[in-house]
Amino acid sequence: MKFRLLTLVLAATLLSVATPALAARATDVLDANDGDQIPLDFEIDVEFRQEMEWAMISRERNAADGNQVLTLNQDEFVYEELKQTLDITGRIGIWRDVEFHFTFPVTLNETSKGKPSGHWRNKYWSAIYPWQSLAAGGTLSQQPTSYFNGGPSLLADRVFGYINWESVRSGFGDMTLGFAWAPLNNERDDTFPSWKLAFDLGLPTGSEQNPRMETSAANSLKGTNPSSNVGRKVLTFNLSTAISKRFGFSDPYFGGNIKIPVGVGTHLKDPRIIGGFMVGNEFILFERFYKREKEPLWKIAFDFRASATIYGRGQDFTGVTDPLAWRRDKENTDNETYWPDDLRRVTSSTGVERPVDYFAYDGAPEYEVPIEDRYTYIEALVGLHFVLYHYVLIGTQYTFGHRTDHFLSLPSKVNDLDLRNLNSSGYNAQINETGARIRKEGSFVFSLSWSLGITF
């Protein structure tokens with residue numbers, strides 16, 4: 001039985017070599033007036049995608065090794081994120097090898113969570129921290145600094161105000177409009193490859209995110225962000241290209257892209273440039289055409305792809321954007337100590353040196369989304385696609401990715417106050433300084449998607 005099935009698959013594959021060569025999905029461009037029985041090509045797809053990410057949030061910490069100062073990364077929080085999106089994509093052939101396309105993204109659910117890591121609990125939350133007083137007193141920011149003798153941390157330094165946090169978002173996102181053109185088409189002339197050029201404009205149609213973190217009514221130790229918006233308020237200019245060449249049942253392809261952003265909202269005033277490349281191969285297991293049609297009547301294809309995306313330095317919404325916003329619009333008063341003293345700055349006007357508030361004279365600064373360092377996202381993709389009687393498109397894809405370690409906050413300048421003292425009491429609530437920055441590491445991403453489309 002297995003031998004017969006293998007024979008049928010091989011026979012179908014060999015027969016497909018003599019059929020017209022259709023470009024890979026990565027280089028396919030819809031067209032019009034191309035001489036076949038259907039003068040206009042049109043396609044509409046609905047794709048559901050679920051993406052999960054796991055990572056570790058750490059913070060820089062200065063330590064001593066003899067006379068040498070070492071900057072270490074202290075693991076503090078386990079980070080988890082779940083995204084569920086629904087993308088509606090339309091493609092219309094407007095002329096020979098020229099298409100217009102659009103994408104309407106809808107975020108059904110975007111939830112990010114953080115909780116203390118096992119390392120941090122065992123090292124700092126043993127007998128040193130009085131859980132009874134903490135639970136009775138509410139938020140960690142209201143506890144006396146004498147409770148925090150276990151060493152510097154994002155909690156002890158009042159960078160985060162809660163031991164756990166959870167953010168939930170949903171809504172309509174930023175849509176995309178664009179054009180694609182194929183100056184070379186392997187389908188028309190099998191001596192040439194298929195070459196696709198595309199220009200897309202990302203529009204800031206989604207309502208802008210509003211970073212915040214509030215106390216949960218059910219648990220005073222947990223910060224929550226009620227469901228909010230998903231838009232970035234960034235106008236992006238996207239340029240991409242891809243090239244493929246069909247060899248029998250194999251259709252290898254290669255491509256690259258770059259996204260140039262312009263911030264038009266409140267929070268992302270310095271967005272980052274994103275660029276990358278991909279290399280893959282589409283294997284056609286079965287393919288049949290009808291009469292003079294150039295589009296397949298039936299098709300089954302596997303898609304294997306590897307890609308690398310480079311994120312430049314700049315502002316962006318990240319997993320710690322909300323936890324960092326818990327003290328927005330707070331002031332330092334006798335009853336509210338959201339910004340602890342900076343022990344590196346002292347005054348001796350009274351003859352006795354003493355620490356002063358970090359923002360004693362100007363008050364707490366207006367909240368800003370921190371700068372994210374450069375990093376690379378590496379991804380492997382496996383996909384399976386079907387064409388059923390020409391009109392119905394079904395697909396499923398699975399990806400495995402990794403974000404390289406990077407800082408979520410960087411100093412805007414470097415001076416003699418930027419290197420933290422070895423004494424833990426020298427730490428304060430700031431993160432944009434060498435020796436106190438937040439770091440995201442060990443990131444693993446898995447996603448799966450299903451799509452259903454109709455084409456004419």
Checking [X] side chain against [Y] main chain: does a donor-acceptor pair fall under 3.5 Å?
{"X": "Glu208", "Y": "Thr266", "value": "yes"}
{"X": "Thr399", "Y": "Ala380", "value": "no"}
{"X": "Thr404", "Y": "Thr376", "value": "yes"}
{"X": "His390", "Y": "Trp298", "value": "no"}
{"X": "Asp405", "Y": "Gly442", "value": "yes"}
{"X": "Ser170", "Y": "Leu108", "value": "no"}
{"X": "Asp322", "Y": "Arg212", "value": "yes"}
{"X": "Asn281", "Y": "Asp251", "value": "yes"}

### Task
Begin from the C-alpha positions of Arg246 and Glu287 and carry the test salt bridge (Lys or Arg N to Asp or Glu O under 4.0 Å) through to its verdict.
CA-CA 13 Å; Arg246 178 78 174 266; Glu287 192 175 41; 2.7 Å; yes

Could you measure the distance from the [atom1] atom of [X] to the [atom2] atom of [Y]? Nearest 0.5 Å is fine.
{"X": "His101", "Y": "Phe179", "atom1": "NE2", "atom2": "CZ", "value": "8.5 Å"}
{"X": "Ile243", "Y": "Lys196", "atom1": "CD1", "atom2": "NZ", "value": "13.5 Å"}
{"X": "Met56", "Y": "Ser443", "atom1": "CE", "atom2": "OG", "value": "11.5 Å"}
{"X": "Arg169", "Y": "Asn210", "atom1": "CZ", "atom2": "CG", "value": "8.5 Å"}
{"X": "Leu203", "Y": "Thr176", "atom1": "CG", "atom2": "OG1", "value": "7.0 Å"}
{"X": "Tyr398", "Y": "Leu384", "atom1": "OH", "atom2": "CG", "value": "8.5 Å"}

### Query
Would you say Ile371 and Arg313 make side-chain contact, with heavy atoms under 4.5 Å?
yes

### Task
For residues Ser167 and Met213, determine if any side-chain heavy atom of one lies less than 4.5 Å from a side-chain heavy atom of the other.
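Sidechains of Met213 and Ser167: in contact.
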
If only side-chain N and O atoms count, and only distance matters, is there a donor-acceptor pair under 3.5 Å linking [Y] with [X]?
{"X": "Thr191", "Y": "Asp189", "value": "yes"}
{"X": "Gln315", "Y": "His267", "value": "no"}
{"X": "Thr27", "Y": "Ser244", "value": "yes"}

Heavy-atom closest contact ([X] atom, [Y] atom, distance):
{"X": "Gly178", "Y": "Phe100", "answer": "O-CD1, 3.4 Å"}
{"X": "Asn186", "Y": "Lys245", "answer": "ND2-NZ, 3.9 Å"}
{"X": "Glu282", "Y": "Arg25", "answer": "OE1-N, 3.2 Å"}
{"X": "Glu53", "Y": "Val445", "answer": "CG-CG2, 3.7 Å"}
{"X": "Lys233", "Y": "Gly206", "answer": "CE-O, 3.4 Å"}
{"X": "Thr205", "Y": "Gly173", "answer": "OG1-O, 2.9 Å"}

### Task
Just jot down the salt bridge (Lys or Arg N to Asp or Glu O under 4.0 Å) partners of Arg305, sequence neighbours excluded, or say none.
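Only Asp303 meet the salt bridge (Lys or Arg N to Asp or Glu O under 4.0 Å) criterion with Arg305.
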
### Task
Could you tell me how the ring of Phe444 sits relative to the ring of Trp54: parallel (under 30°), tilted (30 to 60°) or perpendicular (over 60°)?
parallel

Which pairs of donor and acceptor atoms, one on a side chain in residues 44-52, lie under 3.5 Å apart (sequence neighbours left out)?
residue: Glu47; atom: OE2; partner: Ser449; partner atom: OG; Å: 3.2
residue: Arg49; atom: NH2; partner: Glu51; partner atom: OE1; Å: 3.2
residue: Arg49; atom: NH2; partner: Ser447; partner atom: OG; Å: 3.2
residue: Gln50; atom: OE1; partner: Gln84; partner atom: NE2; Å: 2.7

### Task
Answer yes when Asp316 and Arg232 have at least one side-chain N-carboxylate O distance shorter than 4.0 Å, and no when they do not.
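Judged by the 4.0 Å cut-off on N to carboxylate O distance, Asp316 and Arg232 do form a salt bridge.
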
### Query
Below 4.0 angstrom, N of the basic side chain to O of the carboxylate: do Glu76 and Arg59 qualify?
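No.
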
### Query
Under 6.0 Å between ring centres, would you say that holds for Phe104 and Phe102?
yes

### Message
For the aromatic rings, using the six-membered ring if either is Trp, is the centroid distance between Tyr311 and Tyr375 under 6.0 Å?
### Response
yes

### Task
Starting from the C-alpha separation in whole Å, work towards a yes-or-no answer on side chain to side chain donor-acceptor pair (under 3.5 Å) for Thr111 and Asn109.
CA-CA 6 Å; Thr111 301; Asn109 175 38; 2.8 Å; yes

